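Here's the structure, in structure tokens; my notes come after.
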Amino acid sequence: MNKLRLLQVCNVGRIVGGTAACAWTITRALPEFEHVVAFLSEVTDETRSAFAHARIERWSRCLPSLVDAQRPDVVILHNIGGKQRMSRRIVTLQYVHSAGTRAPADRTVYCSRWLSEQMGRSPDDVLYQGVPRPVVGEEPRSCDRDGRLVIGRICTPTARKWPRSMLAFYRQLAECAPQAEWEFVGCPGDLQSELSDACGGRTRYFAAGWNARSRLWNWDALLYHNPEVIESFGRTVAESLRAGCIPIVDRRGGFIEQVTPETGFLCGTVGEFCESVARLQKAELRRRMSAKGRGDADQRFSIIRFRSDLLARMREAATRWAL
């Protein structure tokens, strides 16, 4: 029996970004489909390697003729703009990851409640991503490190995600937490020297990459603050929770929907970030929050849960397509 063919069209060709990572997760959540993934930007070698189980296409634009040529049974669009419907002959779902004008589809879903509200949509239109449990790193965390904390930041290596305003922020944090060590994944090279100076030299840097998430097993906490960007979902928070790494993040956007007082810290000021880091000096609190966060995330962000919810949205799209 031939498999149904699922075509995903993704606006970003870098697997280290959240949108392409979501497309990858869909291919793993639906193994019964034949997968084709078309990217609208340069496809990196790392992306091609990660999607080795699927067929990769590189398009400059998403056109109905290109979609039809793949002969898909179902299409999932990721943040694809435009006013033109792909094809009335193909069941189409649009998965929106950030605000903007998106192409019409039989069913449109949003990556978070925050984003659905920004777009004037209902909570019923929310589809939370599933995320895989990160590969275990080589230096698993220990709650017995003489009071030292290892706190990390992992983010797409772009200037927008690494604003220079973070230098003053980390300088204040490092003064509040002289016992902390800081690790950064994806930090642009031209920022590293000044960031090391801000953190008192207690820094380590790692290149962005699909397997860099293994660092989450080494960190006591994931700390993310960016006054210039509101994350619609913030996939790395879900990934950190699945690894038992405690998130300390901005009280904004999709983070609020992932973090609870039992599993992490939502902060609005530098003082609140400092206070959160200070609380994690207690090893017993770290153990309790780590275990709680991992247990909750294994249910809320599992691939099994995501598969069930995604298939339900696809059935809704098929029902509307048939009308």
Side-chain angles (χ1 to χ4, degrees), residues 6-29 35-62 66 75-82 94-100 102-103 110-112 115 129-135 137 152-163 166 183-192 205-216 222 224 226 228-240 242-243 253-254 301 303 306:
L6 171 60
L7 167 66
Q8 296 186 75
V9 185
C10 188
N11 63 334
V12 179
R14 300 181 67 178
I15 190 65
V16 296
T19 308
C22 181
W24 179 92
T25 305
I26 288 174
T27 66
R28 291 309 192 186
H35 291 280
V36 181
V37 186
F39 293 99
L40 305 187
S41 66
E42 180 182 356
V43 184
T44 66
D45 290 341
E46 186 178 29
T47 301
R48 291 187 183 278
S49 177
F51 282 92
H53 56 289
R55 197 169 93 210
I56 298 299
E57 294 279 321
R58 169 68 171 94
W59 299 349
S60 59
R61 296 175 61 193
C62 181
L66 293 174
V75 175
I76 297 179
L77 307 174
H78 292 272
N79 258 19
I80 303 304
Q94 172 83 258
Y95 202 155
V96 182
H97 300 274
S98 61
R102 303 295 174 229
Y110 299 84
C111 67
S112 69
L115 181 58
Q129 295 181 40
V131 302
R133 187 179 296 117
V135 176
R153 186 183 199 269
I154 179 170
C155 206
T156 308
T158 63
R160 180 171 177 266
K161 293 298 184 77
W162 295 86
M166 64 184 293
E183 294 192 357
F184 302 95
V185 175
C187 180
D190 60 358
L191 193 66
Q192 291 182 12
Y205 298 92
F206 301 87
W210 184 236
N211 293 323
R213 291 164 173 79
S214 65
R215 299 304 307 170
L216 291 166
L222 167 79
Y224 185 87
N226 190 340
E228 300 176 24
V229 175
I230 298 178
E231 297 291 341
S232 298
F233 177 64
R235 183 181 170 99
T236 52
V237 169
E239 291 171 326
S240 72
R242 292 213 69 185
F301 304 118
I303 305 301
F306 182 53

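Please read these numbers as outputs of a predicted model, since none were measured by experiment.
Within the 4.5 Å cutoff, the side chain of I26 has no heavy atoms near those of the V37 side chain. Contact annotation: the side chain of C111 approaches that of H97 to within less than 4.5 Å [non-hydrogen atoms, C-beta and beyond]. Counting only heavy atoms from C-beta outward, the side chains of V131 and T25 never approach each other to under 4.5 Å. Counting heavy atoms from C-beta on, the side chains of I154 and R215 never come closer than 4.5 Å. In this structure the side chain of N226 never reaches within 4.5 angstrom of the side chain of M166, judged on heavy atoms. Contact check for N79 versus S98: side-chain heavy atoms found under the 4.5 Å cut-off.
Between F233 and A238, the shortest heavy-atom distance links the atoms CZ-CB, 4.3 Å. Between V237 and S240, the shortest heavy-atom contact is O-OG, 2.7 Å. Minimum heavy-atom separation, A20 to F39: CB-CE2, 4.2 Å. For W24 against A50, the heavy-atom pair with the smallest separation is NE1-O, 3.1 Å. For the pair L77 and C62, the tightest heavy-atom approach, listed with the atom from each and the gap, is CD2-SG, 4.3 Å.
Within the cation-pi definition used here (under 6.0 Å to the ring centroid, within 45° of the axis), R242 does not qualify as a partner of F301.
Checked against side-chain hydrogen bond (donor to acceptor under 3.5 Å, both in side chains), E228 has the following partners two or more places apart in sequence or in another chain: S165. Applying the side-chain contact (heavy atoms from CB on, under 4.5 Å) test to A99 and every residue at least two apart in sequence or in another chain returns L115, M119. Listed by chain and residue number, E239 satisfy the salt bridge (Lys or Arg N to Asp or Glu O under 4.0 Å) test with R213 (two or more places apart in sequence, or in another chain). For the salt bridge (Lys or Arg N to Asp or Glu O under 4.0 Å) test, no residue two or more places apart in sequence or in another chain qualifies with R102. Take F184 and apply the ring pair (Phe, Tyr, Trp, His ring centres under 6.0 Å) test, not counting sequence neighbours, and it matches Y170, Y205. Scanning for side-chain hydrogen bond (donor to acceptor under 3.5 Å, both in side chains) contacts around S112 gives an empty result, with sequence neighbours left out. By the salt bridge (Lys or Arg N to Asp or Glu O under 4.0 Å) test, E231 pairs with K161, sequence neighbours left out. Qualifying ring pair (Phe, Tyr, Trp, His ring centres under 6.0 Å) partners for W162, counting only residues two or more places apart in sequence or in other chains: none. Judged as a side-chain contact (heavy atoms from CB on, under 4.5 Å), and not counting sequence neighbours, the contacts of R61 are L63. Take A29 and apply the side-chain contact (heavy atoms from CB on, under 4.5 Å) test, not counting sequence neighbours, and it matches I303, F306, R307.
A donor-acceptor pair under 3.5 Å is absent between the side-chain atoms of S214 and the main chain of V135, judged by distance alone.
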Only distances under 3.5 Å count here; give the side-chain donor-acceptor pairs of residues 8-19 to other protein atoms, sequence neighbours excluded, each with its distance to 0.1 Å.
residue	atom	partner	partner atom	Å
Q8	OE1	H78	NE2	2.7
Q8	NE2	A23	O	3.1

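Applying the salt bridge (Lys or Arg N to Asp or Glu O under 4.0 Å) test to pairs two or more places apart or on separate chains, those with a residue in residues 35-55 are R55-E57.
Distance check: E183 CD to L216 CG gives 10.5 Å after rounding to the nearest 0.5 Å. Separating the CG atom in L66 from the OG atom in S60 is a distance of 7.5 Å, to the nearest 0.5 Å.
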